[in-house]
Each structure stands twice: as C-alpha cells, then as structure tokens.
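Everything numeric here is computed off the predicted structure, so don't read it as measured data. When reading the values below, keep in mind they use all heavy atoms of this one structure, side chains included, and skip hydrogens, waters and symmetry mates.
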Amino acid sequence: MTAPVFVVDQLDGIGPEFVLDGPEGRHAVSVKRLRPGEDVVLTDGRGRWTGGVVKAAEGKDRLVITGLESPAEEPPETPRITVVQALPKGDRGELAVETMTEVGVDAIVPWAASRCITQWKGDRGAKALGKWRSTAREAGKQSRRVRFPEVADAATTKQVAALLAEADFAAVLHETGEEPLATAELPAEGGIVLVVGPEGGVSPEELAMFREAGAKAYVLGRTVLRTSTAGTAATALLLGRTGRWS
C-alpha cells in the first residue's frame with residue numbers, strides 16, 4: 001500500500017462515497033492535510049480494505065472520499081511470525097511494538113518473565129496492554145499495513161511454553177545458543193514463534209521449560225541487543241529468510 005491508511009469499524013455495505021470523520025477524519029484533514037484528488041485506503045485492520053480518492057475536506061475533521069469499491073482482502077502472510085516479548089521498562093515496550101509492527105510481525109505476546117522489572121497487574125496492566133494495542137494500530141497505519149499485528153493478553157511462562165510447543169519453528173534468543181538464527185532451517189509455511197527475554201535475560205528454569213516444549217536457543221549476532229530492539233532485528237531477519245520480503 002502506498003496511499004495513507006485510515007481505520008474504519010465496518011467495511012461491509014460501504015458505498016461509493018464515504019465520510020471519514022471523528023479522530024480518523026481529524027487526523028486526515030488537520031494532520032495529514034489531505035486534499036481533493038489524493039488517494040486513500042480504508043481498512044478494518046484485519047486484512048480487509050478498499051481504496052478511494054479524496055473528494056473534499058470539510059472543516060477540521062470530515063474527509064469525503066469517493067470511488068470506493070467492494071472491499072478486497074489481503075490474505076494472512078505465511079509463515080506467520082509471532083514474537084513473545086518480555087516486558088521492558090518504561091516506554092520501551094511501546095518502542096518494541098512500534099518497530100516490530102513496522103517491519104511486519106504478525107503477532108506479539110507480552111510475557112511476564114521472572115526477571116522482568118516491570119510487572120503488569122490490575123488496572124496498571126490493563127492500561128499498559130491498551131497502550132501496546134494502540135501502538136500496534138497506529139504503527140500499522142503509519143507503515144501502511146491493512147492487517148495489523150495481534151497483541152495478545154499477557155502470558156505466563158507456562159502459556160509461552162504451550163505456544164512454543166504448537167509452533168512449526170520455535171526459538172529463544174539466548175547467549176547459550178550454538179547456532180545463529182541466520183542459519184536455522186525455517187519452515188516455508190505454518191507458524192514461527194520467537195522468544196525475546198528481558199534485560200536480565202531468560203532464567204535457567206524458563207530456558208529449560210522452553211527447551212522441553214521444543215524450542216531451541218539461538219544467537220542473533222555478535223553484539224548484544226536490548227530487549228526492545230532484539231525482536232525487531234530478529235523479525236526482519238526472518239522476513240528476509242522466509243521470502244516474505246522478496
């Protein structure tokens with residue numbers, strides 16, 4: 001997609017002309033400053049989309065779009081790439097979600113690892129999860145995707161192990177890995193699940209549980225990346241190696 005992307009709740013029954021208003025309309029008119037004749041894309045963020053042309057910008061938050069056709073659907077990519085992201089400190093979680101979304105990750109699973117300083121509990125946890133999901137949505141629009149990554153509820157170590165057991169390829173980024181992720185044998189389809197630990201690293205107990213579930217430890221490179229950047233670098237590597245970027 002090359003045209004600006006905006007999210008609408010419902011694409012079914014959309015007519016040849018549509019008024020984009022509310023926060024999305026305000027962003028289109030007052031921030032993007034779109035003008036008549038410019039192309040736009042409307043999507044539900046779940047793979048369905050339609051393209052149109054700006055007919056008029058009205059006031060500060062109404063964009064009239066014409067030339068819309070029946071929605072098309074972008075099929076899910078394969079192999080599907082899921083990153084289990086340990087909870088970083090501060091706003092580094094949103095940074096990780098933003099950049100992984102931009103490169104093309106399909107799903108993100110927040111993980112409350114034992115060595116995480118940050119722990120999501122109660123209202124604070126719900127608010128943090130909401131921020132991750134909002135970040136994925138905004139980054140999806142910015143990178144002009146029509147299928148935004150799913151951000152799951154926070155997972156326990158046992159739940160992560162179950163996810164790894166179901167994967168067609170399961171990996172943990174860890175310094176004990178004897179093989180680089182760049183040379184691992186990857187599936188042509190199915191699901192890839194990658195675990196990124198916290199700044200303090202994956203504990204021996206967690207690593208043992210993940211190995212029992214079928215995950216192998218891999219190194220990403222010679223340097224040590226922060227938890228907020230490792231998932232993005234690994235996703236980019238996997239997208240290139242699986243042919244999804246070709």
Side-chain angles (χ1 to χ4, degrees), residues 1-83 91 94-108 130-152 189 192 229 231-233 235-246:
M1 297 299 160
T2 56
V5 172
F6 299 95
V7 179
V8 296
D9 294 331
Q10 184 61 259
L11 284 173
D12 289 331
I14 197 167
E17 187 168 295
F18 179 79
V19 175
L20 183 70
D21 53 13
E24 291 291 278
R26 186 175 302 109
H27 185 74
V29 175
S30 301
V31 179
K32 302 293 288 186
R33 297 185 181 277
L34 296 179
R35 296 294 179 260
E38 295 189 73
D39 293 332
V40 295
V41 169
L42 302 180
T43 181
D44 61 4
R46 299 183 295 275
R48 302 186 72 219
W49 65 278
T50 183
V53 178
V54 176
K55 179 180 179 180
E58 301 174 347
K60 296 181 179 180
D61 61 357
R62 285 173 56 87
L63 195 74
V64 182
I65 304 168
T66 190
L68 296 166
E69 299 181 351
S70 297
E73 182 161 4
E74 181 179 276
E77 297 274 11
T78 189
R80 176 182 169 87
I81 299 175
T82 298
V83 173
D91 60 359
E94 288 98 279
L95 173 64
V97 172
E98 179 180 52
T99 53
M100 284 192 286
T101 298
E102 289 173 0
V103 298
V105 74
D106 300 296
I108 300 169
K131 285 184 177 180
W132 280 36
R133 286 174 172 164
S134 176
T135 298
R137 170 188 165 110
E138 294 306 312
K141 289 163 52 181
Q142 187 277 329
S143 53
R144 300 189 178 180
R145 295 177 60 169
V146 296
R147 186 179 291 277
F148 303 160
E150 300 172 14
V151 179
E189 53 187 28
I192 294 174
T229 54
T232 300
T235 297
L237 173 65
L238 293 172
L239 287 167
R241 293 203 56 224
T242 57
R244 283 182 48 176
W245 268 7
S246 60

J.: Report the residues that fulfil side-chain hydrogen bond (donor to acceptor under 3.5 Å, both in side chains) with Lys131, sequence neighbours left out, ordered by chain and then residue number.
T.: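 Scan of Lys131 (side-chain hydrogen bond (donor to acceptor under 3.5 Å, both in side chains), adjacent residues dropped) gives none.
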J.: Pick out which of Thr66, Asp39, Leu63, Val64 makes a side-chain contact (heavy atoms from CB on, under 4.5 Å) with Val54.
T.: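 The single option meeting the side-chain contact (heavy atoms from CB on, under 4.5 Å) with Val54 is Leu63.
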J.: Mind checking whether Glu150 and Arg80 have side chains closer than 4.5 Å, heavy atoms only?
T.: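 Yes, close enough: below the 4.5 Å cut-off.
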J.: To the closest 0.5 Å, what do you measure between CD (Glu58) and CG (Leu20)?
T.: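 These two atoms lie 11.5 Å from each other.
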J.: Let me confirm one number: the OG1-CG distance from Thr135 to Leu95, rounded to the nearest 0.5 Å.
T.: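 These two atoms lie 9.5 Å from each other.
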J.: How far does OG1 of Thr78 sit from CD1 of Ile192, to the nearest 0.5 angstrom?
T.: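 So the OG1 of Thr78 and the CD1 of Ile192 are separated by 8.5 Å.
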J.: For Ile81 versus Leu238, what's the shortest heavy-atom pair and its separation?
T.: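 Looking at all heavy atoms of both residues, the shortest contact is CD1-CB, 3.8 Å.
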J.: So do Glu94 and Trp132 actually touch side chain to side chain, heavy atoms under 4.5 Å?
T.: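 Side chain of Trp132 against side chain of Glu94, heavy atoms only: contact under 4.5 Å found.
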J.: A side-chain contact here means heavy atoms from C-beta on lying under 4.5 Å apart; do Arg145 and Thr101 qualify?
T.: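 Answer yes - side chains close enough.
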J.: Please table the atom pairs, donor to acceptor, closer than 3.5 Å between any side-chain atom in residues 3-14 and protein atoms at least two apart or in another chain.
T.:
residue : atom : partner : partner atom : Å
Gln10   : OE1  : Asp12   : N            : 3.1
Asp12   : OD1  : Arg48   : NH1          : 2.8
Asp12   : OD1  : Arg48   : NH2          : 3.1

J.: So, using side-chain hydrogen bond (donor to acceptor under 3.5 Å, both in side chains) as the criterion, who are the partners of Glu77 when residues are at least two apart?
T.: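 Testing Glu77 for side-chain hydrogen bond (donor to acceptor under 3.5 Å, both in side chains), a comparison that skips the adjacent residues, returns none.
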J.: Could you tell me which non-hydrogen atom of Leu68 sits nearest to which non-hydrogen atom of Gly15, and how far apart they are?
T.: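 Result for this residue pair: CB-O, 3.4 Å.
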J.: Would you indicate whether the side-chain heavy atoms of Phe148 and Lys141 approach each other to under 4.5 Å?
T.: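 Of all side-chain heavy-atom pairs linking Phe148 with Lys141, at least one is under 4.5 Å.
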J.: Once side chain to side chain contact (heavy atoms under 4.5 Å, CB included) is applied, do any residues pair with Arg133, and if so which ones, sequence neighbours excluded?
T.: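 Testing Arg133 for side chain to side chain contact (heavy atoms under 4.5 Å, CB included), a comparison that skips the adjacent residues, returns Leu129, Val151, Asp153.
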J.: Give every residue pair that meets the side-chain hydrogen bond (donor to acceptor under 3.5 Å, both in side chains) criterion with at least one member in residues 235-245, sequence neighbours excluded.
T.: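 Qualifying pairs: Asp106-Arg244.
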J.: May I ask you to decide if Gly130's main-chain N or O and Ser134's side chain share a donor-acceptor pair within less than 3.5 Å?
T.: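 The answer is no, because no donor-acceptor pair under 3.5 Å joins these two groups.
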J.: Which heavy-atom pair separates Ser30 from Lys60 by the least distance, and what is that distance?
T.: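 The answer is OG-O, 2.7 Å.
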J.: Side chains of residues 31-38: which donor-acceptor pairs under 3.5 Å do they make with residues two or more places apart or in other chains?
T.:
residue : atom : partner : partner atom : Å
Arg35   : NH1  : Arg33   : O            : 3.4
Glu38   : OE2  : Arg35   : N            : 2.6

J.: I need the minimum non-hydrogen distance between Arg147 and Glu73, along with the two atoms involved.
T.: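 Minimum heavy-atom separation between Arg147 and Glu73: NH2-OE2, 3.8 Å.
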